[in-house]
Amino acid sequence: MSIKSYALSFILFYILVFSLSSLFAYMDVQKLNDNIVKKNLSSGKAELIKAIEQLVTEHKLIVKEFSIWDEVRQQLDTPEYYSYWQTHRLLKSGKLPDFFIEASIYDEKGNTLNKISTITLPDTISTNNIKSYFKIVNNKIQLIIISPILKGNTGEKTDLIVGYLATKSIILSQLKRVKQFNHIWVDSIKLKLLEKDHIEIKQLIDYLTFDIKENTESIHISNHIKQILLKNTLILVAFALMFYFLISYFLSRPLRQISNYIDTLENQPELQQGQDIDTQFHIHELETVKLSLHDYQKKLQIVYSNLDEKNQELWELAHHDALTGASNRRAFEEHWANISKIFSESRCHVSLILFDVNQFKSINDSYGHPIGDEVLKKIAFAIQKVLRQGEKIYRIGGDEFSAILYNCTPEEATLIAQRCQAAINELSFASENIKEPIRASIGVAHNDIHNSSSISDLLWQADIAVYSAKKPGQSNIVTYSEKIKNISSTILSTRINNLVFDAIETGSNIHMFYQPIINLINDKIDYYEALLRIKDDNDIIAPGKIFQLIEAKKLDYELDIIIFKQIANDLEQGKIPSETGVSINVSGPSIIHSDIVQQLSIFSPYLNNYKIVLEITETSLITNIDQATESIIQLKEIGFLIALDDFGSGYSSISYLSTMPVDIVKFDISLIRQLEDEKQFSIINHLANMIGETGHLLVAEGIETVELKDKIKYLGFNYAQGYLYGKPSPLIKQ
Amino acid sequence: MFYSIIKIIIFIIVLLSFFITPAIGKPVNLKISEKITANAEYYLGDKTKPSILILHGFLLTHNFPTVKRLAESLHESGYNILTPSLSLGISLRKKSLACEAIHTHSLEKDVQEIALWIQWLQKQSATNIILIGHSTGSIHLAKYLSQHPSEVIKKIIFIAMPDFNSSTYSNQTPQLKKEAEQLLKINNHSLHDFQLSYCKQYPSSAENYLSYLQLSQENLVQALDKIAISKILIKGSIDSRIDQHWSNQLSQHNVNVINVNGANHFFDYEHEFDLLDIIENILNEK
């Protein structure tokens, strides 16, 4: 919910609460009014009762006073003139107020002194129970008061009663005239009945109706309170609206602006300063937040700017070869991916030129790496100079460069390649003391503008072309064509490529075959040589093809790591029989790799129970003998045995053997086959004797016959390997 | 200091005033007839001093101020004072009788009541009685004394005795008298509205009415002549009910007329003291 919604909810809730409390207050006021009305009614009734009682008392006093009048007693003494007195004297004497409309005197027995027709008072009265009472006649109240007449005229109770006096007085008009009423409207006092003979004094109130005066003060207060409640409610509503407006204006609006600003920042982090919130907020904290945001945004922009610079630098570093200044392989791959995308559908000419420095390894080995580096720098510089505007040179391998040419016919591309070759050829390496000429093999591939998919083929086409250019007798510039397509079935075979690459990346399709190596003393299997096989469905790719590809792609180390893992897995699973061992081929690039010792340490757990031999070719040893020697020494310390593989296949000097820390020398099959020849037999015999005498164990490959076996045994070989003892095959867990 | 002393003195005087009781007459009832009891006030004084009967005027009571003040003053001088109220036919009458009231009384009954009171005084061992009447009360006393001469009655003082039938205040007429006489002739005892003295309506029987009409100048003078004791009339100079003719007539019939200058019929105000002084002087005379 938004703050406005919260504010609105709060205000509505507050109004509700206040309204309810006002309603309760209003109801209380109403209740109070009702109570006041009830109280007024009660007070009015009490007031009326009191007024009646007072009036009765007053009338009684008048009657009492009247009863002691001399002339009243005179009537008892001389009743013969009572009629005259009654008629002429009684009411005219002024002794009774005019609201006394009748009076009558009775003797001590309660009999009237004389019955007079105009008098409605009773002729006789009960002397036992003298009580005053009311009478309703013709809807008028009459008060009948009966009072004793005392003989002594003293007014004292001890005085003898000599007669009685009855009076009739009117009450209602007297009430209205004489009495002041605070609670009732005097004119509203009415009788409920028209006639009633006898009503006790205290019962009269039951026969009266009256209207209550409204308590003007309480009504005024009540109305005032109601007005206050109404005013307060109106003020509250007004304040609530104002509060809502203030919240909206001072809080919600700025917060919304800040929120929008943050949203904008989220979508456009590079927002410029001109797009800041330009409104001045009235709430200090919000203004502070706004300014902080602006400040933060400015700093963020600086950070972005720095980041851009760093990114650019990083990009440059990531995409450039530090040595030559040329773009690196990553840049090439990215550029090539873009090229593939852009030009796959177009009819533009695209050419790819690959450069491979001939014999660069030898230069490195002969002159050292710093000189090799200088060679590469000069070549890169030379090629870049030849390339046209916008075209770049990429260093895609140790001694490999490439260039991508656009809108360039095959002829033009070839021309550029030739110019590049000329530039390289013209380079002088006198300062590096390199005497022999340095050349580069150049492969050129063009796309077929009539075949949209041909762009993706340029890579391998150029690869084959450069591979072809390296062949002896070939021109140093080879343009890919159908003619050279089948030069290397291995390299061409995309399927093999894919399988090998998959095997390296995921380990899939890799199967280790093991060929036994026999101890010639007891003809028992001493250990097995682990041999790589990659399956293509049910077929097995020829190992030669694999290593040709691996070597061409320089993936020796990566492949070895996978193989190590596979062998270790077989050891773990117990596929390799106990009390035997395993011989593992380690490529030249792997043995000089800085991490090789660590990678091979996965076999450490098996060294106690297995004989583990690392087979290293002599060529790999020659390439970097110092590094190789260091690694071999470390591996030997761990417990590995080192075998020099393919001894005799190359042109290695026998002097190496004296310095090489190898345990086993494995004679190449080409040497063993030469044992058939007597001359060769003698040489090999001497060689074997010489090597054996230096403490090396000897292994003979390719033993397929018993005769051959006997010969090598005779020659002092310790171990024999060959079809005679078993072909390479998978081992099954015993 | 001075004012403090004055204050203390005033306080003491006020305090003492609570202990000074005015002369209060003792109520006395006297049965006149079977139904009627008359009432009076008796102020017991020095036994060696004369007893004085003071009678009120027409239809009044002994509480009439002129009578009351005189009685109290004389009592303070040591006299024994009796101030009866004529019952006028009403037992224990307390108030003056209105003209319009029924008048059942007569002159004879009034005189009879006076006689009974004189007897009552004598029963109180009064041997020296002086009669003082005010206004018509003087006439009643004169009538009584003329009919009942007594040795114990030593003096009779008339205060403002009017000419009952002939003064300017008298409303009785020869015509009314005639009517009354006719009624009496036919033995009609019912009430009739007559006029008598200052009453313009006077309900009375003819017989009773006529009894008061006896009080003519002639009859009064005759009655006075029958009185042998000292007779003194004290009159106010501005009392319109006693004209010079009547005053002279009384003087001629051995009534010592004392005129009080400025006094009215009731001797109000300062003339109250003049009246008292004169009566005291008269009483002191041997």
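Keep in mind that this is a model prediction, so the values were computed, not measured. Residue numbering restarts at 1 for every chain, and letters A, B, ... go by the order of the sequence lines.
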**Asked** Is the number of heavy atoms from other residues, nucleotides or ligands under 6.0 Å of A:K226 NZ greater than 12?
**Response** yes
**Asked** Which of residues 80-93 of chain A get closer than 4.5 angstrom to chain B, counting heavy atoms alone?
**Response** A:Y81, A:Y84, A:W85, A:R89
**Heavy atoms from other residues, nucleotides or ligands near NZ of B:K68 exceed 12 (cutoff 6.0 Å)** = yes
**Prompt:** Around atom NZ of A:K176, are there more than 12 heavy atoms of other residues, nucleotides or ligands at under 6.0 Å?
**Reply:** yes
**Asked** Taking everything shown except A:K140 itself, do over 12 heavy atoms lie less than 6.0 Å from its NZ?
**Response** no
**Asked** Under the 3.5 angstrom rule, does the side chain of A:D70 hit a backbone N or O of B:R93 as a donor-acceptor pair?
**Response** no
**Message:** For B:K200, is the NZ atom crowded, meaning more than 12 foreign heavy atoms sit under 6.0 Å from it?
**Reply:** no
**Prompt:** Which residue, B:L88, B:I36, B:I90, forms the side-chain contact (heavy atoms from CB on, under 4.5 Å) with A:Q74?
**Reply:** B:I90
**Prompt:** Is it true that atom CD of A:Q54 has more than 12 heavy atoms of other residues, nucleotides or ligands lying nearer than 6.0 Å?
**Reply:** yes
**Prompt:** Between A:E71 and B:I102, is any pair of side-chain heavy atoms under 4.5 Å apart?
**Reply:** no
**Prompt:** B:S205 versus chain A, heavy atoms under 4.5 Å apart: side chain, backbone, both or neither?
**Reply:** side chain
**Request:** Answer yes or no: does atom NE2 of A:H198 have more than 12 heavy-atom neighbours from other residues, nucleotides or ligands under 6.0 Å?
**Result:** yes
**Request:** With a 4.5 angstrom heavy-atom cut-off, could you sort out which part of B:E34 is near chain A: side chain, backbone, both or neither?
**Result:** neither
**Request:** Apply side chain to side chain contact (heavy atoms under 4.5 Å, CB included) to the pair B:L92 and A:R73, showing each step before the final yes or no.
**Result:** CA-CA 9 Å; B:L92 297 170; A:R73 281 181 295 102; 4.2 Å; yes
**Prompt:** Considering only heavy atoms from C-beta outward, does the side chain of A:T78 approach that of B:K35 to under 4.5 Å?
**Reply:** no
